[in-house]
Number of protein chains: 2
Amino acid sequence: MNVHTGNHDTKNCESCQLREPGMFCDLPTTGMEAFQSTKHTSTYPAGTFLYFEREANRGIYVICSGQVKLSVSSSTGKTLILKIAKPGDVLGLSSTLTDTPYEATAEVLQTARVTYLRAEEFRALIVKHPQAYASVIRQLNQQYESACEQLRTLALCNSTTEKLARLLLRWSKQGRQTPEGTQFTVPLTHEQIAECVGATRETVTRTLGDFKRKRLIALHGANMVIPNRRALETVSGS
Amino acid sequence: MNVHTGNHDTKNCESCQLREPGMFCDLPTTGMEAFQSTKHTSTYPAGTFLYFEREANRGIYVICSGQVKLSVSSSTGKTLILKIAKPGDVLGLSSTLTDTPYEATAEVLQTARVTYLRAEEFRALIVKHPQAYASVIRQLNQQYESACEQLRTLALCNSTTEKLARLLLRWSKQGRQTPEGTQFTVPLTHEQIAECVGATRETVTRTLGDFKRKRLIALHGANMVIPNRRALETVSGS
DNA sequence: GCCTGCATGTGACTGTAATCACGGGTACTT
DNA sequence: AAGTACCCGTGATTACAGTCACATGCAGGC
């Protein structure tokens, strides 16, 4: 539970500026210069937190590299993972726009370079450079659609089997095609996968075991291969 | 399953223009005139549909009066109600911005006056009048936060009892205070309430019965009274 | 009146997944 | 090497809610 403030770094963060569909790429030169002069880029090691749920908003965080886990928790300790944020994702956007507390907790999973922009500076920037609105809307839209997809998985699937199959299919979309099938890496423990689909660690272990036995997936460490997407789609119920 | 196209009506729809926090209220006079000249306002009776999930996007719908149910369904017939849209809400915004199929199905619950704006006209309008961006962002934000709240209810609550208590508390926020407690109307059947919290009709009936027996709620027709919010918050687990 | 349709109430049974408990594996520390 | 801390795998038990079935109540239409 250590909050790491990160090492501030005024050097340019190339991947932040150029990543697509990233934030601020719609800015004209003058806007980009303003952005460059106000942002702070830092490196956060795994296990550190960018912010916590319900904490007062400070500003937005743009991920340059690494992975950040976004989750919400109940008072009883139950946790739901909303998203594994990747480079190009903007965190805290919604709460910064409305100046409300952070919706979720952001924990670094893999050492991450993150650009931070203070709330007032961010708001001033987009007011001054309305071209940035397009990026803001794009990001908000992505977040909304992602939330809808998770709602569908959680509420419309009848069994944990279906939910898990759906989740794997969703993840596999960012994977690469190989002769053996779609391949991608799952940087999460069974416990964390369970927190993505609203199940327990044990049922995830059992269900993944089932999938392996039925040759729906193959696992080599954190590397997962789906030999036949169609087969997995069938058990996912669509 | 009858799709009602509505009776087009070029008269002004006062509640559309003035409702807060509504769409287009940030428009300057010239923008408002453009909006007035391109929109179409119609009346849709209960049971008709504005659009269906996965249907190609046509444009946005702004609710002037009445109530519209937004839901998603699975191939197995299971349904999740995302929202009961009220006057001032904008439907189809996200998919119109990205020009993707409608995310949900919009069914009229109570006879509704609805303003429709074609996708191209809407996009042209906001490009020409960037002041409208503020409204768009406000609406998207509301939708995102609403989805997050529903995710929390579905995934973090342990029992249907907790989910239902949470739902009633959420609804009661738009209710009015009376000497007997917080009062509001529930225009949904048990079946539909079940579709809000991912449960079945029978468990909703039983759980509501429990709540009545424990004097956590009182029902007179569609009128619900929560005499003691604190008590209901306790069973909701927060 | 009666009939039909729909919402609600309730009982009995069943099944999926949560819970509890424990053993084995790997990695990193001292 | 011993010790600690996680992960992962798996069995036994339990319970919550889904499913099926049927009774009741209530509104509208004829």
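Between D:dA17, D:dA12, C:dT8, one nucleotide has an atom nearer to the side chain of B:S159 than all others, and that is D:dA17. Comparing atom distances between the A:T189 side chain and each of D:dC8, C:dT8, D:dA17 picks out D:dC8 as nearest.
Between the P atom of D:dC8 and the NZ atom of A:K212 lies a distance of 9 Å, rounded to the nearest Å. Summarising the geometry, the separation between NZ on B:K78 and C1' on D:dA17 is reported as 11 Å, rounded to the nearest angstrom. Counting to the nearest Å, the C1' atom of C:dA17 and the CD atom of A:E195 are 17 Å from each other. Taking atom CD of residue A:E162 and atom C1' of nucleotide C:dA17, one finds them 14 Å apart after rounding to whole Å. Spacing between atom CE of B:M224 and atom P of C:dT8 amounts to 11 Å, rounded to whole angstrom units. Rounding to whole angstrom units, CG of residue B:D210 and P of D:dC16 are separated by 12 Å. Distance A:L208 CG to D:dC7 P: 15 Å, rounded to the nearest Å. Distance NE2 (B:H190) to P (D:dC26): 14 Å, rounded to an integer number of Å.
Side-chain N/O atoms of A:R206 and base N/O atoms of D:dG11 include a donor-acceptor pair closer than 3.5 Å. Evaluation of atom-type donor-acceptor distances gives no pair under 3.5 Å for the side chain of B:R213 against the base of C:dT10. Checked by distance alone, B:E202 brings a side-chain donor or acceptor within 3.5 Å of a matching partner on the base of D:dC20. Between the side chain of B:R201 and the base of D:dG18, no donor-acceptor pair of N or O atoms lies under 3.5 Å.
A sub-4.0 Å separation between OP1 or OP2 of D:dC16 and a side-chain N or O of B:K163 is absent. A close approach under 4.0 Å does occur between a side-chain nitrogen or oxygen of B:T203 and OP1 or OP2 of D:dG18. A close approach under 4.0 Å does not occur between any side-chain nitrogen or oxygen of B:T200 and OP1 or OP2 of D:dA17.
A:S95 and A:T100 are not linked by any side-chain donor-acceptor pair at a separation below 3.5 angstrom, with hydrogens and angles left out of the test. Neither side chain, A:T105 nor A:S71, offers a donor N or O lying under 3.5 Å from an acceptor on the other.
Taking the six-membered ring where tryptophan is involved, the planes of A:Y102 and A:Y61 are tilted, since the angle between them lies from 30° to 60°.
Residue B:Q143 is tested with B:L70, B:L82, B:L93, B:L91 for a side chain to side chain contact (heavy atoms under 4.5 Å, CB included); the sole match is B:L93.
Distance check, rounded to the nearest 0.5 Å: CG of B:L80 to CZ of A:R152 gives 9.5 Å.
B:G221 comes within 4.0 angstrom of nothing in the nucleic acid, heavy atoms only.
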